[in-house]
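First the structure, in the form of C-alpha cells, and then the observations on it.
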Amino acid sequence: MLRTAVLAASSDHRVRRFVSTSPVTRGVVNRFVAGEDVSAGVGVAGRLCEAGLRVSLDVLGEDAIDRQRAYESAMTYRDLLRALADAGLTPATEVSLKLSSFGQAFDAPLARELAFGVCQAARDAGTCVTVDMEDHTTTDAVLTTVAELRREFDETGSVVQAYLRRTEADCRDLAVAGGRVRLCKGAYAEPSSVAFTRQTEVAASYARCLAILMAGRGYPMVATHDPALVELAGRLAGAVAGAVAGGTAGLVEPDPGGPRPRPFEYQMLFGVRPGEQRRLAGAGEVVRVYVPCGREWYAYLMRRLAERPANLLFFLRALRSSR
Ligand code: FDA
C-alpha cells in the first residue's frame, strides 16, 4: 500500500518540485545513481568491472516528450557505447534502455528506428542492449519491438515482470534458444486486474516464471535482491543441469561431480545489497549491476524509495533533520 501511495504521489508536480530541489535529496540520489553525466556512468562501470562484476548502464530519461528529446536520448546512448568501447569496458558492460525515452508513446516507428540504431552501435562496440519493461499499458508494444530487434540483433535482451498475471505465458514464449530474458518483480503501480498485488503472490509468480526460464533454452537474467529467490535461482540452475544430464523430465539435485549448472546471471541495482553482489561474484557467479546515470533521475529515485519503507524513512528523517 505504501508503495502504491508513493508511486501515486510521485506524479504530483508539487511533490516532484519539492523532492527535486531539496538539498537532502542529493545524498539519496547518490546512493542509487552513478552521476548526472555519461562519464560518471563509465567511471562507475569501470570500478565495478575491476571488482569482478558486470554492468548494465542505463541513461535516465524515460518519457521523452518530443522528437528532439528522443533523438538526443539515442545520441547519448551512441556516445556512451563509444566511450565504453574506448575504455575497454565492453563486453562486460551492456546498456539498458527504455523505449519511452525514444518516443514510443507518441511515435512508435521513431522509437523503433532509434532502438535499431542503438543496437547497431552496441554491436559495433562489442556489446548489446537490454530493453527495460515499463508500465503494463506498454508491455505488448515493447515485446513486439524487442522481437523485431531480435530478428537483426538476436543478442538483444527483453524484460518481464513477475507481478503481471500474463508473465508466465510470456516466459514460455521468450525462453527460446539465445533469448536473453531478465526476470524482475516489477516496479510500477499496477491495478489488480492485471497484476498480483500481494508481495507473497508476486514472489510465488517470480518462482514459477524462474522455473520456466531455467528449464528453457535461453539465458535467464535473474534480477532480484530477494534472498529466497537468489537462493532458488542457484538451486534451479543446478537442478536443471542435473535433469538434462540424467535425461529426466523433472528437477533433480545435481550430481556433485556432474555437469556445470546451466548458464544464467544474477542482476542487482546499483546501491542495493552491494555486499551480496560481491559475495555472489566471489563465489564464481556472474553478477551484473544495473547502473543508472543522467539528470532525469526523479522517476527512478521514486521507484527505489517506493520499493522499501526503510528508504523512504531514511529520506524523511534526513528531511526533518535538515530543517
Ligand atoms: P523486494 O522488493 O522484495 O526486495 C527484496 C530485498 O531487497 C529487500 O528486502 C531489501 O533488502 C532489498 N531491496 C530491494 N529493493 C531495494 C531498494 N530500492 N533499496 C534498498 N534495498 C532494497 N522493474 C521494472 O518494472 N522494469 C525493469 O525493466 C526493471 N529492471 C530491473 C533491472 C534490474 C537489474 C533489477 C535488479 C531490477 C529491475 N527492476 C525493473 C526493478 C524490479 O522490478 C523491482 O522493483 C526491484 O528489483 C525490487 O524487487 P526485488 O526483487 O529486489 O524484491
Side-chain angles (χ1 to χ4, degrees), residues 54-63 73 77 93-102 104-105 108 111-112 115 118-119 122 127-150 153-176 178-190 194-196 202-203 205-214 216 218-226 229-230 233 264-270 272 286-292 299-300 303-304 307:
R54 298 188 196 180
V55 175
S56 190
L57 264 180
D58 166 44
V59 180
L60 296 167
E62 56 205 82
D63 294 328
S73 204
Y77 270 99
T93 303
E94 53 142 67
V95 296
S96 288
L97 60 83
K98 289 184 177 52
L99 290 173
S100 68
S101 74
F102 292 173
Q104 167 104 347
R112 188 177 161 281
V118 174
C119 286
T127 188
C128 62
V129 170
T130 296
V131 181
D132 287 345
M133 190 53 82
E134 303 181 60
D135 74 78
H136 82 277
T137 62
T138 67
T139 309
D140 280 322
V142 172
L143 290 178
T144 301
T145 302
V146 175
E148 288 167 357
L149 291 168
R150 289 202 69 231
F153 304 97
D154 63 354
E155 65 276 28
T156 306
S158 47
V159 178
V160 286
Q161 298 153 317
Y163 64 13
L164 293 186
R165 297 176 190 275
R166 60 177 284 166
T167 296
E168 265 184 82
D170 288 334
C171 287
R172 280 192 197 93
D173 291 345
L174 293 167
V176 294
R180 297 170 61 251
V181 185
R182 176 195 298 158
L183 175 63
C184 64
K185 284 188 181 173
Y188 296 80
E190 300 289 18
V194 297
F196 300 110
V202 176
S205 170
Y206 194 110
R208 291 192 299 273
C209 293
L210 186 57
I212 293 167
L213 295 178
M214 285 290 187
Y219 181 71
M221 303 188 281
V222 183
T224 183
H225 315 92
D226 186 326
L229 295 172
V230 166
F264 77 102
E265 69 183 44
Y266 289 109
Q267 297 194 341
M268 296 193 187
L269 301 174
F270 180 63
V272 180
V286 178
V287 182
R288 191 176 299 279
V289 185
Y290 182 104
V291 178
Y300 182 84
R303 287 198 292 278
R304 300 295 78 82
E307 260 150 22

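Nothing fancy with the numbering, it's 1 onward along the sequence.
Under the 3.5 Å distance criterion, with hydrogens and angles disregarded, no donor-acceptor pair is assigned to the side chains of Ser158 and Arg150.
Using a 4.5 Å heavy-atom threshold, the side chains of Tyr188 and Leu164 count as separate. Within the 4.5 Å cutoff, no side-chain heavy atoms of Leu229 are placed close to those of Val222. Side-chain contact check for Val230 versus Thr224: some heavy-atom pair is nearer than 4.5 Å. The shortest distance between side-chain heavy atoms of Met214 and Phe264 falls below 4.5 Å. In this structure, the side chains of Thr145 and Phe102 stay at 4.5 Å or more apart for every pair of heavy atoms. Within the 4.5 Å cutoff, the side chain of Thr139 has heavy atoms near those of the Met133 side chain. For the pair Val159 and Cys184, the minimum side-chain heavy-atom distance is below 4.5 Å.
Across all their heavy atoms, Leu213 and Ala175 have their closest contact at CD2-CB, 4.2 Å. Taking every heavy atom of both residues into account, Glu307 and Ala187 meet most closely at OE2-CB, 4.0 Å. Among all heavy-atom pairs drawn from Cys128 and Glu94, the shortest one is O-CB, 3.2 Å. Annotation for Gly186 and Tyr163: closest pair C-CE2, 3.2 Å, computed over non-hydrogen atoms. Across all their heavy atoms, Ser56 and Arg288 have their closest contact at N-CG, 3.7 Å. Closest non-hydrogen pair, Leu269 versus His225, comes out as N-NE2, 3.0 Å.
Salt bridge Asp132/Arg182: present, at least one basic N to carboxylate O contact under 4.0 Å.
Distance alone, capped at 3.5 Å, places no donor-acceptor pair between the Glu265 side chain and the Ala223 backbone. When atom types are taken as modelled, the side chain of Glu190 and the backbone of His136 share a donor-acceptor pair closer than 3.5 angstrom. In this structure, the side chain of Glu134 engages the main chain of Ser100 through a donor-acceptor pair within 3.5 Å. For Tyr290 (side chain) and Asp58 (main-chain N/O), no donor-acceptor pair under 3.5 Å exists by modelled atom type.
For Arg180, the CZ atom counts as densely surrounded, since its 6.0 Å shell holds more than 12 non-hydrogen atoms of other residues, nucleotides or ligands.
Residues forming a side chain to side chain contact (heavy atoms under 4.5 Å, CB included) with Val131 (at least two apart in sequence, or on another chain): Leu97, Leu99, Val129, Val142, Val146, Leu149, Thr156. With sequence neighbours excluded, no residue forms a side chain to side chain donor-acceptor pair (under 3.5 Å) with Tyr206.
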Take Ser73 and Val59 through the side-chain contact (heavy atoms from CB on, under 4.5 Å) test and state the conclusion after the steps.
CA-CA 8 Å; Ser73 204; Val59 180; 5.6 Å; no
With salt bridge (Lys or Arg N to Asp or Glu O under 4.0 Å) as the test, would you mind laying out the steps for Arg166 and Asp173 before giving the verdict?
CA-CA 11 Å; Arg166 60 177 284 166; Asp173 291 345; over 6 Å; no
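Expressed to the nearest 0.5 Å, how far CG of Leu183 lies from OG1 of Thr167 amounts to 8.0 Å. Between the SG atom of Cys209 and the CD atom of Glu168 there is a distance of 5.0 Å, given to the nearest 0.5 Å.
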